[in-house]
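Comments concern the structure below.
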Amino acid sequence: MKLVIAEKNIAAQKIAQLLSQVGAPKTDKVYNTQVYRFTVDGEEWVSMGLAGHILAPDFPDEILFDQKAGWHSVDAEGEVLLADVPDGLPRPPYDTKRRPFLANGINIKGWKVESLPYLTWAPIVKNPAEKEIIRVLKNLAKKADSVVIATDFDREGELIGSDALSQVRQVAPEVPVARARYSALIKGEVTEAFAHLVELDQDLADAGESRQYIDLIWGAVLTRYLTLAKFGGFGNVRSAGRVQTPTLALVVERERERMAFVPEDYWQIRGKAEKDGQEFKIAHATTRFTDKATAELVFSHVDGSNRGWVSAVAKRSRKQAPPVPFNTTSLQAAAAAEGIAPARTMRIAESLYMSGLISYPRVDNTVYPRSLDLAGIVSGLAKNSPALAPVCKKVLAGPMKPTRGKTETTDHPPIHPTGQGNPESLDGGQKKLYNLIARRFLATLMGPATIENTKLSIDVEGEPFVASGDVLVQPGFREAYPYGLKRDEQLPALAEGDEVAVSDIALEAKQTEPPARYSQGRLVQEMEKRGLGTKSTRASIIERLYQVRYLKNDPIEPSQLGMAIVDALSQYAPRVTTPEMTAELDRDMTSVAEGKESRDHVVDHSRALLAGMLDELIEHKDDLGEAISDAVTADARVGACPKCGKDLVMKTSAKTRGSFIGCMGWPDCDVTYPVPSGVKVSPLEGEAAVCPECGAPRIKCQPFRNRAWEQCVNPRCPTNFEPDIKVGECPVCAEAGRTGELIAHKSERSGKRFIRCTNYELCEVSYPLPARGKLEATGEVCQDCGAPIVVVETARGPWRICVNMDCPGKEKKPARGRGGARKAGTGKKAGAKKTSAAKKAGSTKKASTKKTS
DNA sequence: GCAAGGTC
């Protein structure tokens with residue numbers, strides 16, 4: 001039996017299909033992993049896919065630490081740690097106390113500069129990372145007469161193959177092994193590769209391993225250093241790395257440019273014009289007056305004028321070319337513009353790919369290969385996506401000449417829908433992304449859009465004004481692909497000499513804007529441009545920067561912490577803050593791949609550079625720790641304490657682990673406030689930052705995907721106070737022969753609103769209320785369940801609701817808002833039952849929202 | 001509790 005090892009399942013399957021000589025390959029399972037059995041020249045072959053790297057580099061456990069003390073641990077005796085350090089280098093000085101220690105085996109504290117030349121570096125081992133895959137691999141290797149490594153034809157592919165070989169060798173030391181190098185999963189390429197097998201290129205694999213080692217060494221040493229310089233408790237890792245730190249630095253640099261930006265004043269004169277009831281905007285032909293006096297003089301000519309004459313009409317049509325096929329980066333950018341972050345795009349794309357709806361999502365290629373059955377895909381789409389059927393028919397009737405992008409590789413086709421499977425059952429995010437991909441695909445097969453621009457010149461009191469309008473006259477590809485399309489700006493039909501009514505001419509003072517912050521889509525593109533990360537890693541690296549709270553919001557802003565980290569590393573370890581480290585690594589890896597340098601030499605050189613920087617880092621550990629802790633406080637700040645003026649910050653209770661807002665002056669000052677639940681809290685600036693009623697800070701509350709509001713942080717403040725309101729009689733108490741009143745309360749602690757019966761010690765009736773909006777009792781009772789009806793004032797007007805979430809009446813009529821119809825609970829009895837009813841109502845609401853949205 | 005690179 002011949003064993004073929006591919007990098008991933010899809011490649012194993014494709015290879016089997018392309019090489020099988022007797023019918024289609026048979027899908028089989030070894031343990032729980034798919035493998036493909038087929039026959040070539042009478043020999044039995046089996047192909048299996050790995051899952052990328054199956055081994056992960058790390059420091060050996062016994063060198064690292066005893067598990068209890070983690071990174072802080074150099075064992076009291078230190079014997080285990082240091083006895084295993086090779087090369088007989090002198091021991092670093094340490095005492096019997098526990099010292100923070102870095103992954104390379106050195107202490108932060110207690111180190112002298114002159115000891116650095118004697119650094120002992122911890123060795124690196126490679127641990128199994130994909131245990132199931134390795135088990136299958138070994139199982140098959142034992143039975144194999146020969147092995148072919150058929151991983152991707154690139155540096156990481158060679159390393160993945162080399163790691164696989166090391167596992168094969170453990171169970172089959174003598175089995176013959178060869179390497180197949182194909183650069184496209186097409187018949188000619190693959191058969192050719194298997195006809196001319198070569199040897200595994202160990203130099204190329206070593207180059208990849210140098211990359212692994214250097215990333216681990218720098219990442220672990222700097223991450224541990226930053227984390228321990230001012231330890232913020234578990235869950236507060238301050239990470240650094242060859243790709244993430246320069247990426248963070250890009251964002252910080254942009255923010256600094258914005259802060260340094262000096263806005264310039266300019267003035268605009270704009271107004272409205274109207275003809276036959278159709279209104280449009282006009283602006284002075286001088287789009288920006290940089291001189292105020294000139295602007296005022298011009299304005300004085302036209303101020304209050306109500307007529308103008310069309311002095312010229314110019315029409316020009318321009319064509320907008322259809323877009324090029326999607327690769328990973330352009331998909332991420334387009335999806336980001338539709339509100340899907342790159343990391344989420346990749347998770348969704350992976351699921352669509354696994355369901356057979358789209359092609360392989362990790363590609364650089366932007367040119368469809370000739371072998372791709374474009375018409376077949378369009379027909380499939382027409383069949384499976386009714387909404388796209390009309391445009392699919394047009395595409396099929398047209399010439400179908402696909403566009404092509406600049407990057408052409410042959411490994412995988414650009415990202416496209418397969419036309420197979422049923423996209424109708426997809427949920428929100430999946431549907432959105434699938435539509436984007438399907439529509440993009442159709443657009444790449446269609447003609448250009450034609451946009452007609454009309455420019456009007458209008459004379460107002462001798463001053464030249466202009467108006468401009470764009471109209472899509474021929475949709476072309478826009479019929480399939482509306483993304484990023486501007487709305488038509490239609491101008492009325494006018495001819496030279498026509499009179500128009502002019503109104504509202506105003507002189508507007510403006511300021512130039514600083515350079516814009518990066519969107520997530522733009523940042524991915526910028527990383528690609530600067531050679532940072534790969535198509536498979538950029539999205540997750542950005543996500544990581546959010547996770548460690550170096551970044552916030554979208555468009556992206558660095559936190560104070562993020563800026564402090566970049567500042568510190570720029571000063572003491574500048575190499576890790578620029579894309580140049582990656583560029584140098586690429587050059588080093590080329591040398592290793594060419595056999596001019598050894599892996600160990602390149603890694604040792606990198607270690608020496610890091611050691612040189614550790615000198616300074618260790619010396620400035622306390623300054624840096626302080627800078628980090630100041631930054632963390634600044635990020636947590638919500639405003640000034642009304643009592644002592646110190647900072648009020650978000651804190652976590654040591655006892656309950658819950659968060660609260662507390663004064664930095666504690667224990668001298670005891671001011672605390674609860675954190676409004678379910679929202680992201682941020683400070684306000686300027687006048688809005690202080691409550692005029694009580695002096696506490698005012699804050700911005702941002703719920704997830706809902707409109708934000710501002711409020712005073714103090715729940716006892718009159719601006720937050722709501723008197724209890726009687727909303728009706730308790731139906732349960734009435735049935736039990738008692739008198740109970742239902743009262744709407746607002747909790748001072750949590751700010752939550754709810755209705756409770758005055759007999760709450762006996763009666764468990766309780767209903768949740770919407771968090772916001774003025775509440776009014778109506779005195780009416782629900783026809784369906786007997787609970788009171790209240791009116792809640794919302795941004796979109798008054799909302800009449802039965803307070804009982806389990807009311808059977810809610811099944812009949814759809815509720816307002818995005819959630820659609822709320823599913824009623826069992827609701828057997830009028831007036832509902834227990835507190836649990838309210839909880840249940842909450843959960844059924846969530847479930848039904850998911851179903852119907 | 002570290003990185004970045006594959007892929008699930």
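To find a chain, count down the sequence lines: A is the first, B the second, and so on, and within it residues start at 1.
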Which part of the nucleic acid does [X] contact within heavy-atom distance under 4.0 Å: base, sugar-phosphate only, or nothing?
{"X": "A/Y360", "value": "sugar-phosphate"}
{"X": "A/R362", "value": "base"}
{"X": "A/Q244", "value": "sugar-phosphate"}
{"X": "A/G241", "value": "sugar-phosphate"}
{"X": "A/D152", "value": "sugar-phosphate"}
{"X": "A/A240", "value": "sugar-phosphate"}
{"X": "A/G235", "value": "nothing"}

Polar side chain donor-acceptor pair, A/N327 to A/S330, under 3.5 angstrom: yes
For the pair made of [atom1] in [X] and [atom2] in [N], what is the distance, rounded to whole Å?
{"X": "A/R155", "N": "B/dG5", "atom1": "CZ", "atom2": "P", "result": "9 Å"}
{"X": "A/Q547", "N": "B/dA3", "atom1": "CD", "atom2": "C1'", "result": "13 Å"}
{"X": "A/L545", "N": "B/dA4", "atom1": "CG", "atom2": "P", "result": "8 Å"}
{"X": "A/K126", "N": "B/dA4", "atom1": "NZ", "atom2": "P", "result": "17 Å"}
{"X": "A/Q212", "N": "B/dG6", "atom1": "CD", "atom2": "C1'", "result": "9 Å"}
{"X": "A/E209", "N": "B/dG6", "atom1": "CD", "atom2": "C1'", "result": "14 Å"}
{"X": "A/I541", "N": "B/dG6", "atom1": "CD1", "atom2": "C1'", "result": "12 Å"}
{"X": "A/L585", "N": "B/dG5", "atom1": "CG", "atom2": "C1'", "result": "12 Å"}

Centre-to-centre under 6.0 Å for A/Y213 and A/W218, is that the case here? no
Both A/Y213 and A/I54 contact DNA chain B. Which one's nearest nucleotide lies toward the 5' end? A/Y213
If you assign each of A/W218 and A/I160 to its closest nucleotide in DNA chain B, which residue comes earlier from the 5' end? A/W218
Which nucleotide in the list [options] gets nearest to the side chain of [X]?
{"X": "A/V243", "options": "B/dG5, B/dA3, B/dG6", "answer": "B/dG5"}
{"X": "A/R242", "options": "B/dG5, B/dT7, B/dC2", "answer": "B/dG5"}
{"X": "A/E7", "options": "B/dT7, B/dA3, B/dG5", "answer": "B/dT7"}
{"X": "A/T227", "options": "B/dG1, B/dT7, B/dA3", "answer": "B/dG1"}

Holding to side-chain contact (heavy atoms from CB on, under 4.5 Å), I want the full list of residues that pass it with A/P325, two or more places apart in sequence or in another chain. A/Y368, A/T403, A/P414, A/T444
So, using side-chain contact (heavy atoms from CB on, under 4.5 Å) as the criterion, who are the partners of A/D600 when residues are at least two apart? A/S598
Does [X] put a side-chain nitrogen or oxygen below 4.0 Å from OP1 or OP2 of [N]?
{"X": "A/S536", "N": "B/dT7", "value": "yes"}
{"X": "A/R211", "N": "B/dA3", "value": "no"}
{"X": "A/R544", "N": "B/dC2", "value": "yes"}
{"X": "A/T534", "N": "B/dA4", "value": "no"}
{"X": "A/T537", "N": "B/dG5", "value": "yes"}

Test: A/R155 and A/E158 ion pair at under 4.0 Å: no
For the pair A/D152 and A/K8, find out whether any cationic side-chain nitrogen is under 4.0 Å from an anionic carboxylate oxygen. yes
